[in-house]
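A quick write-up on the structure given underneath.
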Amino acid sequence: MRKDCLKAIHRSMDYLMGNNAMRLSYITGYGKYHETDTHDRWAWGKYQGGVSYPKGWLSGGPNNTFINDPVTPANQPAAKSFASENTAPDAWCSKENAVNWNAPLVWVAKYIQENLKPLTVESTR
């Protein structure tokens, strides 16, 4: 893969891990400030009352297009339209935890891990 593509993948992961307008990692359990709850019907019954969500769940992230849930702020710029902490059951527009986001996250994380050397070699030049 070309190095510019690898850098783009790396920057995308940086965004997910907290280098974004919210200064929040959208992946539960990763980063200094990270997502603590996602919109997941199975998890609502299992992870309540101070029990942490499992590490590694990716929430949908900010979204200001077609907001139809009661807690995602619709009057914010796209990058800031994200529901606050402990609102997951009602925040399906910004906090949904879906396989179509989490499966690519696994692939990208593994790909970065396997191709880290080309990035670190270049950064020392």
Side-chain angles (χ1 to χ4, degrees):
M1 178 176 279
R2 297 181 1 212
K3 284 187 182 176
D4 57 336
C5 292
L6 187 56
K7 284 182 185 180
I9 290 171
H10 198 265
R11 282 194 298 269
S12 296
M13 184 62 87
D14 285 345
Y15 173 86
L16 293 176
M17 295 293 293
N19 189 11
N20 54 57
M22 296 298 296
R23 302 184 83 182
L24 176 74
S25 170
Y26 299 119
I27 305 169
T28 57
Y30 288 92
K32 185 174 181 181
Y33 304 104
H34 57 83
E35 179 61 271
T36 57
D37 58 329
T38 65
H39 177 80
D40 185 293
R41 291 177 187 174
W42 173 78
W44 295 340
K46 190 167 177 83
Y47 300 104
Q48 292 180 353
V51 178
S52 298
Y53 274 66
K55 285 179 129 183
W57 287 12
L58 176 62
S59 68
N63 173 15
N64 73 348
T65 304
F66 189 62
I67 302 299
N68 65 352
D69 73 40
V71 294
T72 299
N75 59 348
Q76 295 288 322
K80 292 282 220 168
S81 187
F82 190 71
S84 59
E85 192 173 356
N86 298 320
T87 60
D90 297 320
W92 54 86
C93 287
S94 59
K95 289 186 169 244
E96 185 176 14
N97 170 18
V99 70
N100 57 318
W101 296 310
N102 283 275
L105 173 66
V106 172
W107 184 91
V108 167
K110 183 66 174 165
Y111 191 86
I112 288 173
Q113 181 183 27
E114 290 175 354
N115 293 280
L116 192 57
K117 190 170 182 176
L119 289 173
T120 56
V121 169
E122 185 173 305
S123 65
T124 60
R125 292 181 187 170

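Hydrogens, waters and symmetry mates play no part in the numbers below; they use all other heavy atoms, side chains included. Source: prediction; values computed, not measured.
- Once rounded to the nearest 0.5 Å, the distance linking CD of Glu96 with CH2 of Trp101 reads 4.5 Å.
- Atom CG of residue Asn100 and atom CG of residue Leu105 lie 12.0 Å apart, to the nearest 0.5 angstrom.
- Across all their heavy atoms, Ala83 and Ala91 have their closest contact at CB-CB, 3.5 Å.
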For Asn63 and Phe82, what are the C-alpha separation, side-chain angles and deciding distance, and is it a side-chain contact (heavy atoms from CB on, under 4.5 Å)? CA-CA 7 Å; Asn63 173 15; Phe82 190 71; over 6 Å; no
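- Across every non-hydrogen atom of Leu58 and Ile27, the tightest pair is CD1-CG1, 3.8 Å.
- Taking CE of Met17 as the start and NZ of Lys32 as the end, the distance is 14.0 Å to the nearest 0.5 Å.
- Residues Lys80 and Pro62 come closest through the heavy atom pair N-CB, 4.4 Å.
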Can you check side-chain contact (heavy atoms from CB on, under 4.5 Å) on Tyr33 and Arg23, steps first, answer last? CA-CA 7 Å; Tyr33 304 104; Arg23 302 184 83 182; 5.7 Å; no
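- Between the side chains of Asp69 and Thr72, a donor-acceptor pair is found at a separation under 3.5 Å.
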Between Cys93 and Asn68, does the side-chain contact (heavy atoms from CB on, under 4.5 Å) criterion hold? Intermediate values first, please. CA-CA 7 Å; Cys93 287; Asn68 65 352; 3.2 Å; yes
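- Contact between Trp57 and Thr38 at its shortest, heavy atoms only, is CE3-OG1, 3.6 Å.
- Atom CG of Leu6 is separated from atom CG of Asp4 by 9.0 Å, given to the nearest 0.5 angstrom.
- Pairing each heavy atom of Glu85 with each of Lys95, the nearest pair is CA-NZ, 4.1 Å.
- Of the possible donor and acceptor atoms, one in the side chain of Thr28 sits under 3.5 Å from a partner among the backbone N and O of Gly56.
- Taking OG from Ser81 and CD1 from Ile67, the interatomic distance works out to 4.0 Å, rounded to the nearest 0.5 Å.
- Under the 3.5 Å distance criterion, the side-chain polar atoms of Asn20 are matched with a main-chain donor or acceptor of Leu24.
- Under the 3.5 Å distance criterion, with hydrogens and angles disregarded, a donor-acceptor pair is assigned to the side chains of Asn97 and Asp40.
- In this structure, CG on Asp37 lies 9.0 Å from OG on Ser59, to the nearest 0.5 angstrom.
- When the side chains of ILVMFWY residues are joined at heavy-atom separations under 4.5 Å, either directly or via intervening members, Met22 and Tyr15 end up in a single hydrophobic cluster.
- No side-chain heavy atom of Asn64 sits less than 4.5 Å from a side-chain heavy atom of Gln76.
- If you chain together hydrophobic residues whose side chains sit under 4.5 Å apart, Leu16 and Trp107 fall into the same group.
- Heavy-atom minimum distance, Trp92 versus Pro70: CH2-CD, 3.6 Å.
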